[in-house]
Amino acid sequence: MDAKGDTARLVLSIDGGGFRGLTCLLILQHLMKQLQANPKPCQVFDLICGSSTGGLIAILLGRFGLSCDDAITVYQEIGATMFDGEADNGKIWGHIIHGEQFSSSILEKKLEELIEKYTGSKDTLFRPPTDASDAVNHDQTRTFVTVVSKIGAAGTDAYRIRSYPTPASEIEPSPYGHKWTIFEGARGTCAAPLYFSPLRILGGNSVYLFQDAGSSGFNNPAKIAVSEAEQVFGLTLQSPWSV
């Protein structure tokens, strides 16, 4: 994405689409290899965002700072764990037709293992505290993923779970003041209604449910990325690079 003026910012927006996300990673891997030194995406992009499976990829590339090669390996590992080979033999469609869901507990366990592996704790915050250094080196890249409230109306603007301070004009998702963990961001953005149960967050005496923003019309978060980048960087931007 090019800015009007002297400063250029690069923003990567990654669509949802189930295991098709592997294609996005392969395309990005090819693009990175065309650049000198074959850099990690976090060394190229100022902002990385995604919805659904794209949100998971955004976390791998942006919040964890992985190379495309490593992200592909992890992504394939997650896919094999979630679907247990069913994507290869057609059983996945049987689940969908009969309104069944995959095991959310299996997905959650795998996410916790990965987060602990790359950050040192399964409870690492999505946005690092200001009074402590980040456990992950991601070259100052900002990362956000999208989620929506399960009880929200279709088309309602998606919430953005960020690795950086919320812009002054934006509203954080309820419960107010909740410190989102990487696990919650990953689990929420991946909670496609046909596949997994929604993410549950307790706030006082209330339970808040979040799910994949793709179900509310935000499977492609490119416009959200433009809006976010304009607020974060204070620039007028055009033409997001979306995969």
Are any non-hydrogen side-chain atoms of [X] and [Y] less than 4.5 angstrom apart?
{"X": "L107", "Y": "Y195", "result": "no"}
{"X": "F183", "Y": "E112", "result": "yes"}
{"X": "F218", "Y": "I224", "result": "yes"}
{"X": "E228", "Y": "P221", "result": "no"}
{"X": "T189", "Y": "I161", "result": "no"}

Would you please name every residue forming a side-chain contact (heavy atoms from CB on, under 4.5 Å) with E184, sequence neighbours left out? H178, W180, T181, L199, I201
Going by side-chain contact (heavy atoms from CB on, under 4.5 Å), name the residues that satisfy it together with L35, two or more places apart in sequence or in a different chain. M32, P39, V44
Hey, is [X] close enough to [Y] for a salt bridge, meaning N to O under 4.0 Å?
{"X": "E113", "Y": "K110", "answer": "yes"}
{"X": "R160", "Y": "E172", "answer": "no"}
{"X": "E170", "Y": "R162", "answer": "yes"}

Test side chain to side chain contact (heavy atoms under 4.5 Å, CB included) on F126 and F144; report intermediate values, then the result. CA-CA 9 Å; F126 206 104; F144 77 84; 5.5 Å; no
Evaluate L28 against F45 for side chain to side chain contact (heavy atoms under 4.5 Å, CB included), listing each step before the verdict. CA-CA 12 Å; L28 189 60; F45 296 98; 4.1 Å; yes
Euclidean distance, [Y] [atom2] relative to [X] [atom1], rounded to 0.5 Å:
{"X": "H30", "Y": "L25", "atom1": "NE2", "atom2": "CG", "result": "14.5 Å"}
{"X": "Q29", "Y": "I72", "atom1": "CD", "atom2": "CD1", "result": "3.5 Å"}
{"X": "Q43", "Y": "N38", "atom1": "CD", "atom2": "CG", "result": "9.5 Å"}
{"X": "Y208", "Y": "R200", "atom1": "OH", "atom2": "CZ", "result": "13.0 Å"}
{"X": "I59", "Y": "L114", "atom1": "CD1", "atom2": "CG", "result": "10.5 Å"}
{"X": "R63", "Y": "S163", "atom1": "CZ", "atom2": "OG", "result": "6.0 Å"}

Considering non-hydrogen atoms only, spot the tightest contact between [X] and [Y] and give its length.
{"X": "N220", "Y": "S13", "answer": "OD1-OG, 4.1 Å"}
{"X": "V145", "Y": "G185", "answer": "CG2-O, 3.8 Å"}
{"X": "P41", "Y": "L61", "answer": "CG-CD2, 3.9 Å"}
{"X": "V11", "Y": "A229", "answer": "CG2-CB, 4.0 Å"}
{"X": "F196", "Y": "C190", "answer": "CD1-O, 3.6 Å"}
{"X": "V147", "Y": "G188", "answer": "CG1-C, 3.6 Å"}

Can K150 and Q211 be said to form a side chain to side chain contact (heavy atoms under 4.5 Å, CB included), step by step? CA-CA 6 Å; K150 188 178 186 301; Q211 64 187 21; 3.4 Å; yes
Ignoring hydrogens and geometry, is there a side-chain-to-backbone donor-acceptor pair from [X] to [Y] under 3.5 Å?
{"X": "T124", "Y": "S121", "result": "yes"}
{"X": "S227", "Y": "K223", "result": "no"}
{"X": "T141", "Y": "C42", "result": "yes"}
{"X": "S174", "Y": "Y176", "result": "no"}
{"X": "T146", "Y": "Y159", "result": "no"}
{"X": "R142", "Y": "D46", "result": "no"}
{"X": "N219", "Y": "G16", "result": "yes"}
{"X": "S104", "Y": "S197", "result": "yes"}

Would you sort out whether Y75 and T53 count as a side-chain hydrogen bond (donor to acceptor under 3.5 Å, both in side chains), showing the intermediate values? CA-CA 9 Å; Y75 189 76; T53 189; 2.3 Å; yes
Could you go step by step and tell me if L47 and L10 meet the side chain to side chain contact (heavy atoms under 4.5 Å, CB included) rule? CA-CA 7 Å; L47 177 66; L10 289 177; over 6 Å; no
With hydrophobic residues grouped by side-chain heavy-atom distances under 4.5 Å, do L125 and I182 end up in a single group? no
Taking everything shown except Q140 itself, do over 12 heavy atoms lie less than 6.0 Å from its CD? no
Apart from L209 itself, its cluster of hydrophobic side chains linked below 4.5 Å comprises L202, V207
Take S52 and D212 through the test side-chain hydrogen bond (donor to acceptor under 3.5 Å, both in side chains) and record every step on the way to the result. CA-CA 5 Å; S52 190; D212 168 17; 3.2 Å; yes
